[in-house]
Amino acid sequence: MRRLVITLSAAGLALAGCGGAPFPASGGSAEDDAAKDARKNADKAGDKLYTSRVWPAQDVAHRAAGLDGVEVMKVTGTSTAGRGIRLVLRTTGTGATWDDDEPVTVKRCYEMRFSTTTEWGRYGTREVACPPGAPLTFKPWPKAPEIPTERLGKALPRVRSGGRVDEAKIRAAVASLHLAPGIRVEVQRKGDVVGVALTVRPYPYLDDALDCTLGRVAPGSTSVWVPSRIQRMPGEGGCDVGNAIVPQPPPH
């Protein structure tokens with residue numbers, strides 16, 4: 001009879017010798033894994049809060065408080081200008097094991113710095129003791145004024161083909177809408193075309209899409225539309241009055 005020889009690796013011997021004892025995925029304790037997960041969640045929050053613009057500290061903290069799984073425990077500084085602000089965020093992390101035991105969940109606090117000089121992803125994240133007391137709370141964001149797109153479409157004049165567009169009449173039509181102070185108005189003429197752009201920066205505005213409506217009056221054609229969200233993102237120029245005069249092609 002032949003003798004069957006089986007060779008076990010060191011890892012296999014360790015696993016067999018422990019009788020299926022639980023191991024965390026990283027090789028450390030389940031709590032260590034949970035703490036690493038909490039830090040990862042803090043950095044993800046930082047990526048969502050990052051902005052190269054100057055913003056009041058309370059606005060950034062307010063935005064942080066609205067993120068899933070994030071609690072704001074402390075805020076110092078006045079704005080992201082210069083030395084910037086520091087937030088202490090409390091996040092939750094979960095550590096998994098190889099067996100069927102319940103996962104370990106922990107809460108950890110991390111101090112993070114945000115300023116106009118901070119590079120994306122470099123917030124100096126460091127674990128700190130959680131400040132005593134409950135998380136900070138904030139009043140609801142101010143309600144942004146609504147752009148009256150339908151009313152603008154009805155107010156803008158129609159010009160017959162071969163006629164001349166009267167810019168003064170278009171400005172008067174826009175003025176007749178009695179727009180809210182928070183709506184920015186631009187009217188511009190180029191050749192036979194007059195463009196209108198109504199723009200609002202909604203709260204909380206941290207590198208988010210603008211709200212805007214564009215109008216275009218030309219001989220034989222008057223149109224009003226809302227650009228796509230991609231075009232309304234910062235830097236895309238979709239809300240510029242120039243886009244009303246010469247509309248950008250739709251994104252692919």
Side-chain angles (χ1 to χ4, degrees), residues 25-28 31-96 105-131 133 135-139 141-142 144 184 199-212 227-240 242-243 248 251-252:
S26 67
E31 186 171 343
D32 289 341
D33 277 3
K36 291 177 181 177
D37 187 48
R39 183 189 179 92
K40 184 187 300 182
N41 290 333
D43 283 330
K44 287 181 179 178
D47 292 344
K48 293 178 180 178
L49 296 172
Y50 170 79
T51 175
S52 59
R53 294 178 171 85
V54 176
W55 283 98
Q58 288 298 308
D59 283 3
V60 180
H62 193 166
R63 177 70 180 269
L67 298 177
D68 290 339
V70 175
E71 296 172 310
V72 180
M73 305 303 296
K74 184 178 180 181
V75 54
T76 55
T78 57
S79 80
T80 56
R83 298 183 64 181
I85 66 172
R86 293 186 180 275
L87 299 182
V88 176
L89 305 181
R90 185 164 68 185
T91 59
T92 301
T94 303
T105 300
V106 300
K107 285 192 174 185
R108 295 287 187 271
C109 287
Y110 300 91
E111 184 181 75
M112 310 178 76
R113 175 177 174 267
F114 298 91
S115 80
T116 53
T117 61
T118 301
E119 295 182 23
W120 187 87
R122 298 184 179 182
Y123 317 118
T125 308
R126 67 185 184 93
E127 185 174 346
V128 296
C130 288
L136 302 181
T137 58
F138 301 86
K139 295 180 180 179
W141 291 103
R184 180 186 177 188
T199 307
V200 170
R201 284 192 171 186
Y203 291 95
Y205 180 73
L206 289 176
D207 298 325
D208 203 356
L210 298 168
D211 287 339
C212 70
S228 68
R229 179 177 174 81
I230 293 177
Q231 292 177 321
R232 291 185 284 113
M233 293 300 291
E236 294 299 323
C239 289
D240 293 344
N243 189 35
Q248 298 177 4
H252 298 290

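None of these values were measured; they are calculated from a predicted model. All residue numbers refer to positions in the sequence shown, counting from 1.
- Here the NE2-CH2 distance, from His62 to Trp141, works out to 5.0 Å after rounding to the nearest 0.5 Å.
- Taking the side chain as every heavy atom from C-beta outward, Arg90 and Pro135 approach each other to under 4.5 Å.
- Within the 3.5 Å criterion, the main-chain N or O of Thr94 finds no donor-acceptor partner in the side chain of Thr105.
- The backbone N or O of Leu210 sits less than 3.5 Å from a side-chain atom of Arg232, completing a donor-acceptor pair.
- A search for salt bridge (charged side-chain N to carboxylate O under 4.0 Å, His left out) contacts involving Lys44 returns nothing, not counting sequence neighbours.
- For Gly82 against Thr117, the heavy-atom pair with the smallest separation is O-OG1, 4.1 Å.
- A 4.5 Å side-chain heavy-atom check between Leu49 and Leu67 finds at least one atom pair inside the cut-off.
- A 4.5 Å side-chain heavy-atom check between Val54 and Thr116 finds at least one atom pair inside the cut-off.
- For Arg113 (side chain) and Arg83 (main-chain N/O), a donor-acceptor pair under 3.5 Å exists by modelled atom type.
- Taking Arg39 as the reference, nothing meets the salt bridge (charged side-chain N to carboxylate O under 4.0 Å, His left out) condition, with sequence neighbours excluded.
- In this structure, Ala61 and Leu87 approach most closely via the heavy-atom pair CB-CD2, 4.0 Å.
- Every residue two or more places apart in sequence or in another chain that forms a ring-ring contact (aromatic ring centres under 6.0 Å, His included) with Phe114 is listed here: Tyr123.
- Rounded to the nearest 0.5 angstrom, Ser115 OG and Glu119 CD are separated by 10.0 Å.
- Look at Glu236 and Arg229 and you find no salt bridge, because none of the NZ, NE, NH1 or NH2 atoms lies under 4.0 Å from a carboxylate O.
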Exercise for review: Show your working on side-chain contact (heavy atoms from CB on, under 4.5 Å) between Ile85 and Thr76 and close with a plain yes or no.
Suggested key: CA-CA 6 Å; Ile85 66 172; Thr76 55; 6.0 Å; no

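- Under a cut-off of 6.0 angstrom, the local environment of CG in Asp68 is sparse, with at most 12 non-hydrogen atoms contributed by other residues, nucleotides or ligands.
- Within the 3.5 Å criterion, the main-chain N or O of Gly95 finds no donor-acceptor partner in the side chain of Asp37.
- For the residue pair Tyr110 and Ala42, the shortest heavy atom distance occurs at CD1-CB, 3.7 Å.
- Atom CD of residue Glu127 and atom OG1 of residue Thr91 lie 9.0 Å apart, to the nearest 0.5 angstrom.
- The SG atom of Cys212 lies 12.0 Å from the CZ atom of Arg201; values are rounded to the nearest 0.5 Å.
- When all heavy atoms of Ala64 and Val70 are compared, the pair lying nearest together is O-CG1, 3.6 Å.
- To the nearest 0.5 Å, atoms CG (Leu136) and CE (Met73) are separated by 7.5 Å.
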Exercise for review: Output, in order, the C-alpha distance, side-chain angles, deciding distance and verdict of side-chain contact (heavy atoms from CB on, under 4.5 Å) for Thr80 and Arg53.
Suggested key: CA-CA 7 Å; Thr80 56; Arg53 294 178 171 85; over 6 Å; no

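- Rounded to the nearest 0.5 Å, atoms NZ (Lys74) and CG (Leu89) are 13.0 Å apart.
- Nearest heavy atom pair, residue Gly237 against residue Asn243, reads O-CB, 3.7 Å.
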